[in-house]
Amino acid sequence: MAADAPSTVPVQLVEQPRLLKLKESFIAKFGSAPKFYVRAPGRVNLIGEHIDYCGYAVLPMAIEQDILIAVEPVKTEVVQLANINSSYLDFSTSVNNIQINKSKPQWHNYFLCGLKGIQEHFGLNNPTGMNCLLDGTIPPSSGLSSSSALVCCAGLVTLKANGKTLSKVELAEICTKSERYIGTEGGGMDQSISFLAEEGTAKLIEFRPLRATDVRLPSGAAFVIANSCVEMNKAATSHYNIRVMECRLATKLLSKSKSLDWKKMLRLQDVQASLGVSLEEMLTIVEEVLHPEPYSTEEICKCLGISLEDLRSQILSQNTQNVSTFKLYQRAKHVYSEAARVLEFKKICSEAPDNAIQLLGELMNQSYISCKEMYECSCPELDRLVDICLQFGAIGSRLTGAGWGGCTVSMVPTDKLNTFLKNVKKAYYQNDGQRLALENNGLFATKPGRGALVFVEA
């Protein structure tokens with residue numbers, strides 16, 4: 001067993017009502033018992049939005065909500081998937097012919113991403129078939145990483161069923177790559193925290209090479225997640241992938257202006273590393289080189305000295321081929337300033353000054369303003385929810401996850417927590433039927449939870 005592989009934990013099912021219930025449902029569904037269970041948590045990103053795919057560090061923590069899958073490896077070459085939630089339909093496929101439909105991001109396709117990632121990594125010629133029953137507690141399309149948790153869970157399920165081992169870091173890297181089968185150009189934060197999380201600590205996650213450092217959060221504050229109840233699915237909407245391209249194009253133009261080899265540059269972090277300057281200096285360069293008005297594809301081609309054909313075939317992703325204008329200045333400005341806020345957040349947590357909570361709250365608020373104004377990834381409901389949270393005592397509040405819907409995360413002094421929850425509930429959820437239905441799953445304080453693991457019956 002790799003030393004830093006996900007743990008396998010023996011459990012007494014009688015002490016685990018959720019596992020026991022899942023086992024009973026599994027037997028009712030498939031007529032036999034599961035051999036093992038795999039869990040992968042969702043996450044909340046405390047600060048560092050839309051910068052992982054630009055090469056910059058982020059600061060998430062795992063939450064208690066998770067994806068839990070009961071698994072029985074079988075002799076047939078078929079994977080049968082079922083979900084405790086009947087609104088997600090059963091699915092089965094030959095394990096040797098995995099087709100992932102990008103046009104409709106249905107739940108089973110995320111499972112297939114994780115499955116295919118592990119199969120391809122090991123070049124498995126005759127992978128084992130499986131019966132799987134899933135129980136998820138992460139609200140879908142809420143910015144808490146339900147889809148990546150499912151990809152990670154499926155990857156670990158496939159690994160275990162085929163008798164293979166990998167480290168958590170290798171698993172995170174494979175699952176990041178394999179989620180791209182569904183068309184999401186993610187940066188790796190979600191998969192990394194799902195595997196690398198530890199109870200009681202948030203993590204600074206850095207990339208290339210992937211590593212995670214503990215970040216101890218201040219004891220006098222609670223982090224509260226509030227769901228705007230506006231669903232946002234990254235794989236189904238173009239906003240997300242357009243932002244990825246805007247950052248890539250900004251990288252090319254900044255590199256060209258500084259006589260760097262722009263064709264090789266993919267991420268905004270590459271420009272900073274090549275120039276050997278600080279994040280503050282990068283912000284000055286953005287002001288000098290890029291203009292706030294949107295860039296047309298013609299202007300981008302002219303700046304880079306390439307044809308529209310080249311731009312489409314060499315730089316733009318499949319799902320951004322027909323976009324005609326791009327905002328480069330605003331996106332680069334957000335990324336470099338947000339990357340600096342992440343490092344400052346970590347520094348404050350390490351040094352723990354008396355006014356740490358105040359300082360962290362200010363960083364969260366600045367992050368939110370940048371997401372809203374520079375990255376334009378908020379929406380009216382998120383704006384209203386952040387206002388309500390700040391009005392009722394949050395020191396800092398911001399959108400978390402990709403945005404355009406999903407959740408906010410707020411830092412609330414522990415002594416104000418109960419009144420905060422009561423007031424936010426009343427102001428945002430109480431008068432709206434749809435929100436009220438979601439409210440129990442929609443507003444909760446959370447602590448840093450542990451990463452993905454395997455359970456076996458003791």
Do [X] and [Y] have side chains that get closer than 4.5 Å, going by heavy atoms?
X      : Y      : answer
Leu156 : Leu171 : yes
Met364 : Phe345 : yes
Ile118 : Ile174 : yes
Thr408 : Asn227 : no
Cys153 : Phe111 : no
Val454 : Tyr37  : no
His50  : Tyr240 : yes
Leu217 : Leu46  : yes

Please report the closest heavy-atom contact between [X] and [Y], naming both atoms and the distance.
X      : Y      : answer
Pro41  : Ala149 : O-CB, 3.5 Å
Gly183 : Lys102 : N-CE, 3.9 Å
Leu290 : Ala332 : CD1-CB, 4.2 Å
Ser178 : Val151 : OG-CG1, 3.8 Å
Arg43  : Gly143 : NH1-O, 2.8 Å

List the residues meeting side-chain contact (heavy atoms from CB on, under 4.5 Å) with [X], not counting sequence neighbours, and say none if there are none.
X      : value
Thr284 : Glu288
Thr325 : Pro294
Ala273 : Gln269
Ser141 : Glu231, Asn233

For the salt bridge (Lys or Arg N to Asp or Glu O under 4.0 Å) test, which of Arg216, Lys168, Arg450, Lys203 pairs with Glu198?
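Single salt bridge (Lys or Arg N to Asp or Glu O under 4.0 Å) partner of Glu198 among Arg216, Lys168, Arg450, Lys203: Lys203.
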Derivation of the side chain to side chain contact (heavy atoms under 4.5 Å, CB included) call for Thr297 and Leu311:
CA-CA 8 Å; Thr297 41; Leu311 177 70; 3.9 Å; yes
Tell me whether Phe36 at atom CZ has more than 12 heavy atoms from other residues, nucleotides or ligands lying less than 6.0 Å away.
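Result for CZ/Phe36: enclosed.
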Just verifying a value: how many Å separate [X] [atom1] and [Y] [atom2], rounded to the nearest 0.5 Å?
X      : Y      : atom1 : atom2 : result
Leu81  : Leu112 : CG    : CG    : 6.5 Å
Thr320 : Ile242 : OG1   : CD1   : 7.0 Å
Leu421 : Leu443 : CG    : CG    : 5.0 Å
Leu134 : Leu150 : CG    : CG    : 6.0 Å

If only side-chain N and O atoms count, and only distance matters, is there a donor-acceptor pair under 3.5 Å linking [Y] with [X]?
X      : Y      : result
Glu376 : Gln330 : no
Asp383 : Tyr368 : yes
Ser296 : Glu299 : no
Thr93  : Gln99  : no
Ser370 : Ser367 : no
Glu293 : Tyr329 : no

Could you list the residues that satisfy salt bridge (Lys or Arg N to Asp or Glu O under 4.0 Å) with Lys21, not counting sequence neighbours?
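Lys21: no salt bridge (Lys or Arg N to Asp or Glu O under 4.0 Å) contacts found.
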Residues which pass salt bridge (Lys or Arg N to Asp or Glu O under 4.0 Å) with Arg341, listed by chain and number, not counting sequence neighbours:
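Residues passing salt bridge (Lys or Arg N to Asp or Glu O under 4.0 Å) with Arg341: Glu338.
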Enumerate donor-acceptor pairs with a distance under 3.5 Å from any side-chain N or O in residues 245-253 to protein atoms, sequence neighbours excluded.
unit_1 : atom_1 : unit_2 : atom_2 : d
Glu246 : OE1    : Arg243 : NH1    : 3.4
Glu246 : OE1    : Arg331 : NE     : 2.7
Glu246 : OE2    : Lys327 : N      : 2.9
Arg248 : NH1    : Ile315 : O      : 3.4
Thr251 : OG1    : Cys247 : O      : 2.7
Thr251 : OG1    : Leu268 : N      : 3.1
Lys252 : NZ     : Trp262 : O      : 3.3
Lys252 : NZ     : Lys263 : O      : 3.3
Lys252 : NZ     : Met265 : O      : 2.8

Under the salt bridge (charged side-chain N to carboxylate O under 4.0 Å, His left out) rule, what pairs show up with a residue in [range], not counting sequence neighbours?
range            : answer
residues 48-62   : Glu49-Arg398
residues 58-68   : Arg18-Asp66, Arg39-Asp66
residues 147-159 : none

Check for a donor-acceptor pair, side chain of [X] on one end and backbone N or O of [Y] on the other, with a separation under 3.5 Å.
X      : Y      : result
Arg312 : Gln321 : yes
Ser228 : Gly406 : yes
Asp135 : Ile67  : no

Distance-only donor-acceptor pairs under 3.5 Å for side chains of residues 347-359, two or more places apart:
unit_1 : atom_1 : unit_2 : atom_2 : d
Ser350 : OG     : Lys346 : O      : 3.0

Would you mind checking if Glu199 and Lys447 are paired as a salt bridge, meaning a charged N to carboxylate O distance below 4.0 Å?
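No salt bridge links Lys447 with Glu199.
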Taking the basic N atoms (NZ, or NE/NH1/NH2) and the acidic carboxylate oxygens, is any pair closer than 4.0 Å for Glu206 and Arg211?
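Yes.
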Evaluate the side chain to side chain contact (heavy atoms under 4.5 Å, CB included) criterion for residues Ile84 and Leu133: first the C-alpha distance (whole Å), next the side-chain angles of each, then the deciding distance (0.1 Å), finally the verdict.
CA-CA 7 Å; Ile84 288 281; Leu133 179 61; 4.0 Å; yes
Run the side chain to side chain contact (heavy atoms under 4.5 Å, CB included) test on Ser192 and Leu210 for me, step by step, so that the C-alpha distance in whole Å, both residues' side-chain angles and the decisive distance to 0.1 Å come before the verdict.
CA-CA 8 Å; Ser192 304; Leu210 176 59; 3.4 Å; yes
For a side-chain contact (heavy atoms from CB on, under 4.5 Å) with Cys132, tell me which candidate from Asn83, Leu115, Ile69, Thr158 qualifies.
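For Cys132, the side-chain contact (heavy atoms from CB on, under 4.5 Å) test succeeds with only one of Asn83, Leu115, Ile69, Thr158, which is Ile69.
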Which label fits His108 and Phe91: parallel for a plane angle under 30°, tilted from 30 to 60°, or perpendicular past 60°?
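Rings of His108 and Phe91: parallel, under 30°.
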Which word best sums up how the rings of His239 and Trp404 line up, parallel for under 30°, tilted for 30 to 60°, or perpendicular for over 60°?
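His239 and Trp404: parallel rings.
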Test log, rule side chain to side chain contact (heavy atoms under 4.5 Å, CB included), inputs Leu360 and Ile395
CA-CA 8 Å; Leu360 296 175; Ile395 307 287; over 6 Å; no
Quick one: which residue pairs count as a ring-ring contact (aromatic ring centres under 6.0 Å, His included) with a foot in residues 174-219, not counting sequence neighbours?
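Passing the test, one end in residues 174-219: no pairs.
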